[in-house]
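For reference, the structure discussed in these notes is given below.
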Amino acid sequence: EKINRDKNHNKIMPDSKSAAFVCVGGLTLGTIFLLRKRRTRVWKGKLTYQGPDVPRSLQTTGEVYLERDTTGGDKPPVGTQFRPTDVTVTNARPGKPTLDNEGFTLVDHKWAHTDYHDMKRVVTEYYPEVCELVKRATGAEKVIAFDHNIRTRNKNQDAKDTSLQGPITIAHGDYTQKSAPGRIKDLSKPLTVNDTMRLVLGEGEALLDEAEAAARLKKRFAIINVWRNIADTPIQKTPLACCVADSVSQDDLIVLEVRYVDRTGENYLVHGNKDTKHKWQFFPEMKKDEALLLKTWDTEGVAPCHGGGNGSVKATFTLHTAVDMEGDATSTAPERHSIEVRTIAFF
């Protein structure tokens, strides 16, 4: 087999004269291409930053917000300036990033799997599995799972699942100085219509009691998302990219209020352009038996401007986004199909 290297994009390309079904050592040409694709170091992709006129701050200005309904659907946001931007995305596999340093990591995680479109089965079967995974990965004393979403652009994947959402290509962080501890306080109150755990807890129950929540807030906690491919084929389109934590300045951040029917949360959006020094990475060809652990808040993060604690770990949180990779628009590969479960690790 002859292999050509695309000088512009550093991709390994099969020679056009090679036969489509050539086998080398028992591997098809397609398999060889996927293996080489994993080793490619630099990719081109597109994500969405915020424009220069959006007010930057670490606390809400009340000028940037969206309203979210009980199904997770959003009304058009107010005060934003979406700027699709071409970025360089690096293969994270060779560098083996960690939760404490970069803010994200990849682990092998084989388990029996379940019907991910059955919300009750996800909550009763997958949530406990995820909690044990995070506990092993972090050494936390206790881990609780409290929310999840499923994303694909193929809405016909399961017509019965009305909660399906498309990938979000907007760079963001899930929590802020205010909303991270606020989420724990919310979970000590009776569950409401947007809480998935209401499927298994009784009417008026809370995931944490108030006394425990108050005690946990005095110690270290980390909010960690567990993101995985739930298709049988590796992800080849619109992967999740993560931004190395210390490549983001506080001057880049914008608070977005997320106004639910019964509470208000906050996310970080981020200002950027083609010259921004953010370091974006992703794990090519993620398989169903791999899990991406993504830290969205850590009270022991080193950055004081992010509300960090004693500075025992480098990463307070990591921005993340789906990325439209170069070639996705014309690719015939299947759409990405993923689930993300949010957990809190208490130390």
Side-chain angles (χ1 to χ4, degrees), residues 47-69 72-85 87 103-104 146-147 149 165 168-187 189 192 194 217 221-225 240-273 276-280 294-309 311 315-322 340 342 344:
L47 55 78
T48 303
Y49 282 127
Q50 296 301 303
D53 297 331
V54 182
R56 305 179 210 184
S57 68
L58 298 178
Q59 292 81 36
T60 183
T61 62
E63 299 176 29
V64 186
Y65 64 90
L66 62 80
E67 296 177 348
R68 180 164 294 167
D69 63 28
D74 297 335
K75 293 183 178 179
V78 174
T80 53
Q81 289 182 336
F82 295 121
R83 296 288 187 270
T85 305
V87 296
F104 54 93
F146 62 92
D147 189 23
N149 53 42
Q165 302 173 40
I168 296 177
T169 58
I170 302 168
H172 68 284
D174 288 359
Y175 294 95
T176 68
Q177 290 179 1
K178 179 181 178 180
S179 66
R183 194 69 183 103
I184 294 175
K185 294 175 184 176
D186 288 339
L187 293 174
K189 301 174 183 177
T192 59
N194 285 100
L217 285 169
F221 70 86
I223 304 178
I224 297 171
N225 297 359
L240 185 73
C242 302
C243 192
V244 174
D246 67 1
S247 71
V248 180
S249 165
Q250 72 174 52
D251 296 330
D252 297 333
L253 299 175
I254 299 158
V255 175
L256 169 75
E257 288 187 12
V258 183
R259 300 177 179 177
Y260 296 87
V261 174
D262 47 26
R263 64 182 179 87
T264 297
E266 291 181 357
N267 296 166
Y268 279 135
L269 299 179
V270 60
H271 172 268
N273 54 51
T276 301
K277 303 301 182 183
H278 298 158
K279 298 176 183 177
W280 290 99
L294 166 69
K295 184 160 63 176
T296 56
W297 199 263
D298 189 343
T299 56
E300 288 297 312
V302 72
C305 59
H306 296 166
T316 305
F317 66 89
T318 181
L319 301 171
H320 52 284
T321 178
E340 182 176 33
R342 294 177 180 85
I344 305 175

From [atom1] ([X]) to [atom2] ([Y]), nearest 0.5 Å:
X    : Y    : atom1 : atom2 : result
L253 : N267 : CG    : CG    : 12.0 Å
Y260 : D186 : OH    : CG    : 10.0 Å
Q165 : D74  : CD    : CG    : 7.5 Å
Y175 : I344 : OH    : CD1   : 6.5 Å
L319 : L47  : CG    : CG    : 10.0 Å
T48  : H172 : OG1   : NE2   : 11.5 Å

Around atom CZ of F146, are there more than 12 heavy atoms from other residues, nucleotides or ligands closer than 6.0 Å?
yes
Would D69 and V261 satisfy side chain to side chain contact (heavy atoms under 4.5 Å, CB included), going step by step from the backbone distance to the final call?
CA-CA 7 Å; D69 63 28; V261 174; 5.7 Å; no
Between [X] and [Y], is there a donor-acceptor pair closer than 3.5 Å when you use the side chain of the first and the backbone of the second?
X    : Y    : result
T299 : F221 : yes
S249 : D251 : yes
T176 : K178 : yes
K295 : A315 : yes
T318 : A245 : no

I would like to know whether W297 and R183 meet side chain to side chain contact (heavy atoms under 4.5 Å, CB included); could you show each step before the answer?
CA-CA 11 Å; W297 199 263; R183 194 69 183 103; over 6 Å; no
Start with the C-alpha gap between H320 and F104, add the side-chain angles, then the distance that decides, and say whether ring-ring contact (aromatic ring centres under 6.0 Å, His included) holds.
CA-CA 10 Å; H320 52 284; F104 54 93; over 10 Å; no
For the residue pair [X] and [Y], what are the closest heavy atoms and their distance?
X    : Y    : answer
T61  : P55  : OG1-CG, 4.0 Å
Q177 : L58  : NE2-CD1, 3.9 Å
L240 : A322 : CD1-N, 4.1 Å
R83  : Q50  : CG-C, 4.2 Å
Y268 : S57  : CE2-O, 4.2 Å
S179 : D174 : OG-O, 4.4 Å

Looking at N149, L294, I224, T296, which one forms a side-chain contact (heavy atoms from CB on, under 4.5 Å) with R342?
N149
Quick one, H278 and V87 - any side-chain contact, counting heavy atoms below 4.5 Å?
no
Close side-chain approach of P52 and H271, heavy atoms under 4.5 Å
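Of all side-chain heavy-atom pairs linking H271 with P52, at least one is under 4.5 Å.
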Does the side chain to side chain contact (heavy atoms under 4.5 Å, CB included) test come out yes or no for F317 and V248, once each step is laid out?
CA-CA 10 Å; F317 66 89; V248 180; 5.5 Å; no
Kindly indicate, with the supporting measurements, whether the criterion side chain to side chain contact (heavy atoms under 4.5 Å, CB included) is fulfilled by V54 and L269.
CA-CA 10 Å; V54 182; L269 299 179; 5.9 Å; no
